[in-house]
Amino acid sequence: MLFFGDYDSEKTAFVNPCDTTEKIDGFPAVAVSTFSADIIDDYVKEHKPPVIARLYTANGSLPVYLAEYKGEKIALFLSRVGAPACAAGLEEIIAMGARKIVLFGCCGVLNEAATKGKIILPSSAVRDEGTSQYYFPPGEEIAADEKCLRTAEEFFRARGVPFVTGKVWTSDAIYRETPGLIAKRKEQGCLGVEMECAAATAVAKFRNIPFLQFLFGADNLDCAEYDMRDLTLYGRNAGGVYMTLAFECGIRL
């Protein structure tokens with residue numbers, strides 16, 4: 001088991017999200033996020049949603065948009081890549097007033113046969129990163145919110161959306177996914193590898209927020225030699241479809 005933090009269940013930290021982020025009256029209960037700036041930009045160009053807040057770091061500020069879908073108001077924002085940055089953004093969105101969160105993005109494929117042409121719904125994540133260790137008790141894996149997972153499965157099944165539910169591997173080090181570690185994670189049943197699921201799930205559990213993440217395969221690690229495929233598109237070729245799925249799931253959570 002990997003564990004390199006001292007877990008403390010104390011809810012109040014020395015610096016808390018409410019110390020740096022103001023609660024916003026009327027902030028949407030549902031928030032949707034993705035890691036693809038292009039998917040966000042394409043949505044903004046088409047729908048022109050207003051900016052209702054911003055997330056600030058030394059990297060710059062990220063706008064939080066007020067999207068509307070089927071009469072429901074939804075906070076839409078870009079999540080930064082990597083567990084710590086993603087977790088901080090989720091903390092601040094929750095502090096603003098979000099009460100349900102859907103996050104989507106791409107992953108590296110570890111089981112091509114099981115995932116080809118399908119959305120991946122993580123049932124759990126192997127905690128090969130550091131952030132989750134400070135939000136959730138020690139353990140090799142962290143399970144998804146069962147109710148949120150079943151809600152997504154029922155919706156995908158009803159709409160005929162191809163999907164597979166299974167374990168993923170959350171890793172902080174994209175250039176240290178060695179053949180040995182890949183083989184080990186595949187033996188554990190991991191369908192894909194990504195960088196945020198364990199941490200995002202842990203934050204949501206710690207804050208008691210319903211949370212769903214879904215993934216789509218990009219680069220392929222289930223082969224003799226690395227296959228980048230369409231990784232650099234980050235899902236833009238089907239961004240509108242993914243956004244609609246996220247909105248639909250969000251209003252059902």
Please tabulate, for side-chain N and O atoms in residues 151-168, each donor-acceptor pair with protein atoms closer than 3.5 Å (sequence neighbours left out).
residue	atom	partner	partner atom	Å
T151	OG1	K147	O	2.9
E153	OE1	R150	NH1	2.5
E153	OE2	R150	NH1	3.1
E153	OE2	T165	OG1	2.6
K167	NZ	E141	OE2	2.8
K167	NZ	Q188	O	2.9

Counting only pairs under 3.5 Å, give me each side-chain donor-acceptor contact of residues 57-66, with atom names and distances, residues two or more places apart or in other chains.
residue	atom	partner	partner atom	Å
T57	OG1	N59	N	3.0
T57	OG1	R80	NH2	3.3
S61	OG	R54	NH1	3.4

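Two residues are said to be in side-chain contact when any heavy atoms from C-beta on lie closer than 4.5 Å; L215 and P122 meet this criterion. M195 is not listed as a side-chain neighbour of F35, based on a closest heavy-atom distance of 4.5 Å or more. Residues P49 and V44 form a side-chain contact, since some pair of their non-hydrogen atoms from C-beta on lies under 4.5 Å apart. In this structure, the side chains of T20 and V15 come closer than 4.5 Å at one or more pairs of heavy atoms. Using a 4.5 Å cut-off on side-chain heavy atoms (C-beta onward), L191 and N111 make contact. Contact annotation: the side chain of T244 approaches that of Y69 to within less than 4.5 Å [non-hydrogen atoms, C-beta and beyond]. Side chains of R185 and E177 form no contact here, defined as non-hydrogen atoms less than 4.5 Å apart. E72 is not listed as a side-chain neighbour of V30, based on a closest heavy-atom distance of 4.5 Å or more.
The structure places SG of C190 at 11.0 Å from CD1 of I182, a figure rounded to the nearest 0.5 Å. Summarising the geometry, atom CD1 belonging to I142 is positioned 9.5 Å from atom OG belonging to S124; distances are rounded to the nearest 0.5 Å. Taking CD from E68 and CZ from F247, the interatomic distance works out to 10.5 Å, rounded to the nearest 0.5 Å. Expressed to the nearest 0.5 Å, how far CD of E46 lies from NZ of K48 amounts to 8.5 Å. In this structure, E187 CD and L110 CG are separated by 12.0 Å, a value rounded to the nearest 0.5 Å. Taking SG from C106 and CD1 from I39, the interatomic distance works out to 8.5 Å, rounded to the nearest 0.5 Å.
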I'd like to know whether R127 forms a side-chain contact (heavy atoms from CB on, under 4.5 Å) with E140, so could you lay out the CA-CA distance, the side-chain angles of the two residues, the decisive distance to 0.1 Å, and finally the verdict. CA-CA 6 Å; R127 300 165 69 186; E140 188 170 17; over 6 Å; no
M228 and N220: CA distance, side-chain angles, deciding distance, side-chain contact (heavy atoms from CB on, under 4.5 Å) verdict: CA-CA 6 Å; M228 184 177 286; N220 186 15; over 6 Å; no
Using the side-chain contact (heavy atoms from CB on, under 4.5 Å) rule, take F77 and T34 through it: C-alpha gap first, then chi angles, then the decisive distance, then the call. CA-CA 7 Å; F77 68 102; T34 183; over 6 Å; no
Evaluate the side-chain contact (heavy atoms from CB on, under 4.5 Å) criterion for residues F27 and I93: first the C-alpha distance (whole Å), next the side-chain angles of each, then the deciding distance (0.1 Å), finally the verdict. CA-CA 9 Å; F27 195 83; I93 285 292; 4.2 Å; yes
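Shortest non-hydrogen contact noted between C148 and L212 is O-CD1, 3.9 Å. Nearest heavy atoms, G192 versus C107: CA-SG, 4.3 Å. A200 and L90 make their closest contact through CB-CD1, 3.6 Å (heavy atoms, listed as atom of the first residue, atom of the second, distance). Here the shortest heavy-atom pairing between N16 and A13 reads OD1-N, 2.8 Å. A204 and F211 make their closest contact through CB-CB, 3.3 Å (heavy atoms, listed as atom of the first residue, atom of the second, distance).
Scored by the side-chain contact (heavy atoms from CB on, under 4.5 Å) test, T178 finds R176, L181 as partners (sequence neighbours excluded). For the salt bridge (Lys or Arg N to Asp or Glu O under 4.0 Å) test, residues two or more places apart in sequence or in another chain that qualify with E112 are R229. D42 is linked by a salt bridge (Lys or Arg N to Asp or Glu O under 4.0 Å) to R236, counting only residues two or more places apart in sequence or in another chain. Every residue two or more places apart in sequence or in another chain that forms a ring pair (Phe, Tyr, Trp, His ring centres under 6.0 Å) with Y242 is listed here: F216. Residues forming a salt bridge (Lys or Arg N to Asp or Glu O under 4.0 Å) with D145 (at least two apart in sequence, or on another chain): none. When the side-chain hydrogen bond (donor to acceptor under 3.5 Å, both in side chains) test is applied to D222, the partners found at least two apart in sequence or on another chain are K186. Here T21 pairs with E92, A95, M96 under the side-chain contact (heavy atoms from CB on, under 4.5 Å) rule; sequence neighbours left out.
When the side chains of ILVMFWY residues are joined at heavy-atom separations under 4.5 Å, either directly or via intervening members, L245 and I120 end up in two distinct hydrophobic clusters. Following chains of ILVMFWY side-chain contacts shorter than 4.5 Å, one can reach V241 starting from I74, so the two form part of one hydrophobic cluster. Cluster annotation: F104 and L121 are assigned to the same hydrophobic cluster (Ile/Leu/Val/Met/Phe/Trp/Tyr, side-chain heavy-atom contacts under 4.5 Å, transitive). Note: the hydrophobic cluster containing V109 does not contain Y226 (ILVMFWY, side chain heavy atoms under 4.5 Å, direct or indirect links). Residues V81 and Y175 share a single hydrophobic cluster, defined by chaining ILVMFWY side chains whose heavy atoms lie under 4.5 Å apart.
Remark: the backbone N or O of S79 is paired with a side-chain donor or acceptor of S33 at under 3.5 angstrom. In this structure, the side chain of T115 does not engage the main chain of K118 through any donor-acceptor pair within 3.5 Å. For the pair D172 (side chain) and G130 (backbone), a donor-acceptor distance under 3.5 Å is present.
Pairs engaging residues 189-218 under the side-chain hydrogen bond (donor to acceptor under 3.5 Å, both in side chains) rule: E91-R207, T170-E194 [sequence neighbours left out]. A salt bridge (charged side-chain N to carboxylate O under 4.0 Å, His left out) check over residues 10-33, counting only residues at least two apart or in different chains, returns nothing. Each salt bridge (charged side-chain N to carboxylate O under 4.0 Å, His left out) pair with one or both residues in residues 209-220, not counting sequence neighbours, would appear here, but there are none.
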